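Position 1 is the first residue of the sequence; numbering continues from there. Owing to the predicted nature of the structure, the values given are computational and were not obtained by experimental measurement.
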Amino acid sequence: MKRDSIPKLGVWLLLSLAPACHHGDTASDGGVDGGAHPVPVLTARVEKRDMPIRLDGLGSVTAYYTVTIHSRVDGELMKVPFTEGQQVNKGDLLAQIDPRPFQIAKEQAEAQLARDQASLVDDKLNLARDIDLRKQALVAQQVVDDQQALVGQLEGTVKADQAAIDSAALNLIYSRVTSPIDGLTGVRQIDPGNIIHAADTTGLVVITALDPIAVLFTLPEDDLPAISEQMENHKLTADAFTRDGRINLGTGEVALIDNQINQTTGTLRIKAIFPNPHRALWPNQFVKTSLLLTTRKNAMVIPTVAIQRGPQGTFVYRVKSDSTVEARPLTVGPSQNDLSVAETGLVEGDVVVVDGQYKLHVGSLVVARDVTDKPGSVSGSDGGAGAGGGAFGGAQ
């Protein structure tokens with residue numbers, strides 16, 4: 001190598017190392033400055049309010065009453081005066097079976113009764129005469145006994161005739177098929193002109209009662225003790241929602257808990273009765289249900305996302321008046337949707353961090369924006385109010 005090339009090589013090495021050394025100094029400075037920068041976080045205030053505790057489940061709607069209408073007599077179906085899908089009331093005429101055979105049978109039974117009653121009157125007179133003749137010893141006692149037996153037989157015949165009349169009258173009533181309940185008719189199963197029988201397996205029509213209506217829903221069996229305890233104290237109510245959970249279809253009252261738990265699914269079935277004047281609920285409809293178990297009065301409520309878990313248990317990052325954070329231990333009570341009850345550790349008005357906790361440690365300086373503020377608006381850090389300038393209730 002030539003001597004004049006050695007200085008050039010040294011200059012090249014110095015120029016190459018200089019940017020690297022400068023870059024290392026910059027990174028080091030940036031780390032120091034970054035540690036002193038406040039951390040942007042989202043916060044919420046602790047609210048003191050009533051907290052409803054609900055149990056959510058899935059269910060289906062079932063008619064409160066379902067009746068399949070059958071004929072109780074045989075005969076020709078003369079007319080079906082209802083319209084499919086019509087609302088009918090108890091006692092409304094649904095079908096008319098030819099009543100003439102039953103009317104004739106009734107008249108025949110009445111004629112038989114009249115004849116047997118006349119015979120009974122005659123035999124009673126004969127019995128009275130035989131008794132008088134027996135007192136004069138003009139007839140044997142056997143004649144009196146035979147006549148008395150004949151009177152008894154005719155009395156029985158008269159009663160049988162009356163029963164035949166009642167039976168024919170009942171069949172005459174049954175020829176008019178009426179609705180036993182208030183409800184909505186379904187599809188007609190048979191048309192006028194057909195001969196129907198009391199033994200037919202297919203009914204005339206199915207009527208369902210839609211107001212009130214029932215909802216059967218399931219909950220985990222672990223909820224049974226809490227539900228049973230609350231039912232002993234007060235009536236429980238449940239809300240029914242559409243499949244997407246957006247529309248409330250009505251509020252009903254819990255009627256019963258099924259007497260068996262489904263061992264396959266580990267769930268218990270609950271029945272609630274709903275008023276349904278507008279027919280928002282329909283039989284076999286799938287619904288989401290929310291059972292109101294109880295309401296915690298004046299509870300300290302915080303967003304569930306604020307709760308952290310560490311080696312010593314649950315805690316939240318609480319923003320102090322100097323805009324630094326502390327780890328505040330707390331006891332967590334019931335949770336509902338995205339809110340939880342803080343049993344201990346917090347008071348009304350405390351500001352807790354709900355987003356950005358992973359960047360924090362005890363004593364971190366923060367720049368806080370309340371969850372109810374519009375994006376881009378940052379609250380000041382002047383004391384506790386600057387750290388979280390509003391309640392989170394409006395953001396639900």
Legend entry - L94 with F102, same ILVMFWY side-chain cluster at under 4.5 Å: yes
Inset, instruction - Using a 4.5 Å cut-off on heavy atoms from C-beta on, say whether the side chain of N126 contacts that of L150. - result: no
Legend entry - Within-4.5 Å side-chain heavy-atom neighbours: L210 and P283: yes
Legend entry - E84 side chain to R188 backbone, donor-acceptor under 3.5 Å: yes
Inset, instruction - Check the pair E110, K106 against salt bridge (Lys or Arg N to Asp or Glu O under 4.0 Å), reporting the backbone distance first and the verdict last. - result: CA-CA 6 Å; E110 290 172 343; K106 180 174 179 291; 2.6 Å; yes
Inset, instruction - Answer with yes or no whether the hydrophobic clustering places V80 together with V187; edges join I, L, V, M, F, W, Y residues whose side-chain heavy atoms lie under 4.5 Å apart. - result: no
Inset, instruction - Give a yes or no on whether the backbone of P40 and the side-chain of R369 come within a donor-acceptor separation of less than 3.5 Å. - result: no
Inset, instruction - Without swapping roles, check the side chain of D116 against the backbone of L154 for a donor-acceptor pair under 3.5 Å. - result: no
Legend entry - Side-chain (S167) to main-chain (A163) donor-acceptor, under 3.5 angstrom: no
Inset, instruction - Return yes if some donor-acceptor pair links the side-chain N/O of K288 with the main-chain N/O of R243 below 3.5 Å, else return no. - result: yes
Inset, instruction - To the nearest 0.5 angstrom, please state how far the CG atom of D239 sits from the CZ atom of F274. - result: 7.0 Å
Inset, instruction - Check whether more than 12 heavy atoms from other residues, nucleotides or ligands sit under 6.0 Å from atom CG of D191, and answer yes or no. - result: yes
Legend entry - Trace of the side-chain contact (heavy atoms from CB on, under 4.5 Å) decision for S71 with D200: CA-CA 8 Å; S71 170; D200 290 343; over 6 Å; no
Legend entry - Listed partners of Y317 passing ring-ring contact (aromatic ring centres under 6.0 Å, His included), at least two apart: F315
Legend entry - Flag side-chain contact, heavy atom, 4.5 Å: L249 against Q285: yes
Inset, instruction - Check the hydrophobic clustering (I, L, V, M, F, W, Y; side-chain heavy atoms under 4.5 Å; chains of links allowed) and say if I53 and M231 are grouped together. - result: no
Inset, instruction - Could you give me the CA-CA distance, side-chain angles and deciding distance for I195 and H197, then say whether side-chain contact (heavy atoms from CB on, under 4.5 Å) is met? - result: CA-CA 7 Å; I195 301 299; H197 306 276; 3.8 Å; yes
Inset, instruction - Verify, without hydrogens or angle tests, whether T289 (side chain) and G57 (backbone) share a donor-acceptor contact under 3.5 angstrom. - result: yes
Inset, instruction - Check the hydrophobic clustering (I, L, V, M, F, W, Y; side-chain heavy atoms under 4.5 Å; chains of links allowed) and say if I181 and L184 are grouped together. - result: no
Inset, instruction - Would you give the length of the straight line joining atom CG of L77 to atom CG of L204, rounded to the nearest 0.5 angstrom? - result: 6.5 Å
Inset, instruction - Compare all side-chain heavy atoms of I261 with those of L224 and state whether any distance is below 4.5 angstrom. - result: yes
Inset, instruction - Determine whether T314 and R309 make a side-chain contact, defined as any pair of heavy atoms from C-beta on separated by less than 4.5 Å. - result: yes
Inset, instruction - Can you measure from CZ (R72) to CG (L170) and round to the nearest 0.5 angstrom? - result: 7.0 Å
Inset, instruction - Measure the OG1-CG distance between T251 and N248 for me, rounded to the nearest 0.5 Å. - result: 5.0 Å
Inset, instruction - Kindly say whether N276 contributes a backbone atom to a donor-acceptor pair with the side chain of D211 at under 3.5 angstrom? - result: yes
Inset, instruction - Look only at the side chain of N233 and the backbone of E229, and say whether a donor-acceptor pair between them is shorter than 3.5 Å. - result: yes
Inset, instruction - Mark yes or no for whether N194, through its side chain, and I196, through its backbone, hold a donor-acceptor pair below 3.5 Å. - result: no
Inset, instruction - Kindly indicate whether the side chain of V206, heavy atoms from C-beta on, has any atom under 4.5 Å from the side chain of T66. - result: yes
Inset, instruction - Determine whether V61 and Y65 fall in the same hydrophobic cluster, where Ile, Leu, Val, Met, Phe, Trp and Tyr are linked whenever their side-chain heavy atoms lie under 4.5 Å apart. - result: no
Legend entry - Distance in Å, R318 CZ paired with L330 CG, rounded so as to fall on 0.5 Å steps: 12.5 Å
Inset, instruction - Please examine the side chains of Q189 and T68, heavy atoms only from C-beta on, and report whether any two atoms are closer than 4.5 Å. - result: no
Inset, instruction - Find out whether V316 and V353 are in side-chain contact, i.e. whether some heavy atom of one side chain is under 4.5 Å from a heavy atom of the other. - result: no
Inset, instruction - Kindly compute the distance separating CG (L42) from CG (D355), expressed to the nearest 0.5 Å. - result: 5.0 Å
Inset, instruction - Could you check V139 against Q147 for side-chain contact (heavy atoms from CB on, under 4.5 Å), going step by step and ending with a plain yes or no? - result: CA-CA 12 Å; V139 296; Q147 187 63 31; over 6 Å; no
Legend entry - Side chain Q96, main chain S175, donor-acceptor under 3.5 Å: yes
Legend entry - Donor + acceptor pair across side chains of Q136, D132 (<3.5 Å): no
Legend entry - Donor-acceptor pair between Q103 and R100 side chains, under 3.5 angstrom: no
